[in-house]
2 protein chains.
Amino acid sequence: MDQKVDTRSRILDIAEAAVLEKGFEATSIEEIVAGAEISRGGFFYHFKDKNALARAMLERYIEAEEALYDDLFARARELNDDSLHCMLIGLKLLAEMLEDMPSGHPGCVIASTAYQDRLFDKGVRDLNRQAILGWRKRFRGMFEEISESYDTRQPVDLDALGDMVSSVVEGGLVLQRALREHNNASEQIMLFRTFLKLLFVPKT
Amino acid sequence: MDQKVDTRSRILDIAEAAVLEKGFEATSIEEIVAGAEISRGGFFYHFKDKNALARAMLERYIEAEEALYDDLFARARELNDDSLHCMLIGLKLLAEMLEDMPSGHPGCVIASTAYQDRLFDKGVRDLNRQAILGWRKRFRGMFEEISESYDTRQPVDLDALGDMVSSVVEGGLVLQRALREHNNASEQIMLFRTFLKLLFVPKT
DNA sequence: ACGTCAACTGGACTCGCGGTACAGTGGATC
DNA sequence: GATCCACTGTACCGCGAGTCCAGTTGACGT
């Protein structure tokens, strides 16, 4: 329960890497137990089935992503007080982070499960839903703050605008995966930034 | 070879509906043959394996989507000669079309296969790639035409801007699937339209 | 020193699914 | 009447998920 790390986390590490590389269905329990150097029985001791594994993976992934966004925009806020610039800087940091991943971002677990959702039970699907609603809330909140000191040059719905962050990231990752290029997602974020720069003008 | 339609197409119809609903892996050959009312042998007579089915499905889907875009923007061009307005109208038509699908758009086969690509052979992956590159080319071409009579208020890469169409659509569809809402994709397209309206200004 | 519990190992088994192989059949066509 | 296409139907294989369970090993309390 220390030297060879917590077995459960080790399973999740191996599984996450494999799933991001080739998808959930294509990842066999056989290969997970081989990677984690445990027996099949050991695997089922920790997770009653693949669904439980998916659930645990999603929970961990979402938590990590939340923490990452928290950190990113906290750093952005340190660099600039203005709400719009804070958003712009945060997005820039996000884009840079995505670019720095040497072999491109592994792809988003959310989208990957969204497209195979019948494989999973309600718990997994709800988790997925809550994650995206969380992002909407986060970004909507930021845009509301921006709206206090800026007008928009065209009418926009702030929920939809918040969703657009998720949308361009997820969409960019889809392109990236399919094209085998490396920076579509960060490119898309930078374009979205351009949109925001054009959209918001300081209140008179 | 007529009354009960071409069996091959019937298989593709059933398979496409099932795959869009629950993903490729979750769709069994058993259920396809049941739906198409043929025997297992009959299925393998038409497709040597599931990969061949995926390939045929993608080919058909991409062809249909190309035709749809062709038609959409042809109609847009009839309504307005100006290159920018033609783009804006085409996107509006696209958004409306996505909204009119009663139970939401079934989701895009491209993204769905992109996230399970290790299941497929090189032929399928290349098809996927070509489809997206085709969209890039199409939209890039349209933006080049727009650039002849419009300046951009911020510098943008036209390839990336072309990709943004695919990106917001695919991203919107991911949200739609995960959230079980009905119009995220069309909302995102409308926001992208707003972006274009702000980005391009007539040349002086 | 003894019991106990958590964290496994290992093996045997079932089931569903993808895929193979192949013999046979009914209907259209030449 | 022969040929071929488009199947049907059945038998069979291998793999991966999931179940069951008996047994082991080490830490910890009394």
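Just so it is clear, the structure is predicted and the values come from calculations on it, not from any experiment. The chains referred to below are lettered A, B, ... by the order of the sequence lines, with proteins before strands, and numbering in each begins at 1.
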(request) Check whether any side-chain N or O of A:Tyr45 sits under 4.0 Å from OP1 or OP2 of C:dC8, and answer yes or no. (result) no
(request) For nucleotides 10-23 of chain D, just jot down a letter per nucleotide in 5' to 3' order: B, S or -, based on protein non-hydrogen atoms under 4.0 Å. (result) ------SSBB----
(message) From CZ of B:Phe120 over to P of C:dG18, roughly how many Å is that when rounded to an integer?
(response) 12 Å
(request) May I have the distance from B:Ile38 (atom CD1) to C:dG26 (atom P), rounded to whole angstrom? (result) 19 Å
(message) Checking ring-ring contact (aromatic ring centres under 6.0 Å, His included) between A:Phe47 and each of A:Phe43, A:Tyr45, A:Phe44, which is the one that passes?
(response) A:Phe43
(message) Just checking B:Lys197: does its NZ atom have more than 12 heavy atoms from other residues, nucleotides or ligands closer to it than 6.0 angstrom?
(response) yes
(request) Write down the distance between CD (A:Glu37) and C1' (C:dT9), rounded to a whole number of angstrom. (result) 14 Å
(request) Calculate the interatomic distance between B:Arg8 atom CZ and D:dC5 atom C1'; express it in whole Å. (result) 15 Å
(request) Please state whether the phosphate of C:dC8, meaning OP1 or OP2, lies under 4.0 angstrom from any side-chain nitrogen or oxygen of A:His46. (result) yes
(request) Using a cut-off of strictly less than 4.0 Å, decide whether B:Thr7 has a side-chain nitrogen or oxygen near OP1 or OP2 of D:dC7. (result) yes
(request) Evaluate whether atom CD of A:Glu66 has more than 12 neighbouring non-hydrogen atoms of other residues, nucleotides or ligands under 6.0 angstrom away. (result) yes
(message) Under 3.5 Å, is there a donor on one side chain and an acceptor on the other for B:Ser186 and B:Glu99?
(response) yes
(message) Take a 6.0 Å sphere around CD of B:Glu63 and say whether it holds more than 12 heavy atoms from other residues, nucleotides or ligands.
(response) no
(message) My understanding is that only one of A:Val165, A:Val169, A:Ile110, A:Asp163 makes a side-chain contact (heavy atoms from CB on, under 4.5 Å) with A:Trp135; could you say which?
(response) A:Ile110
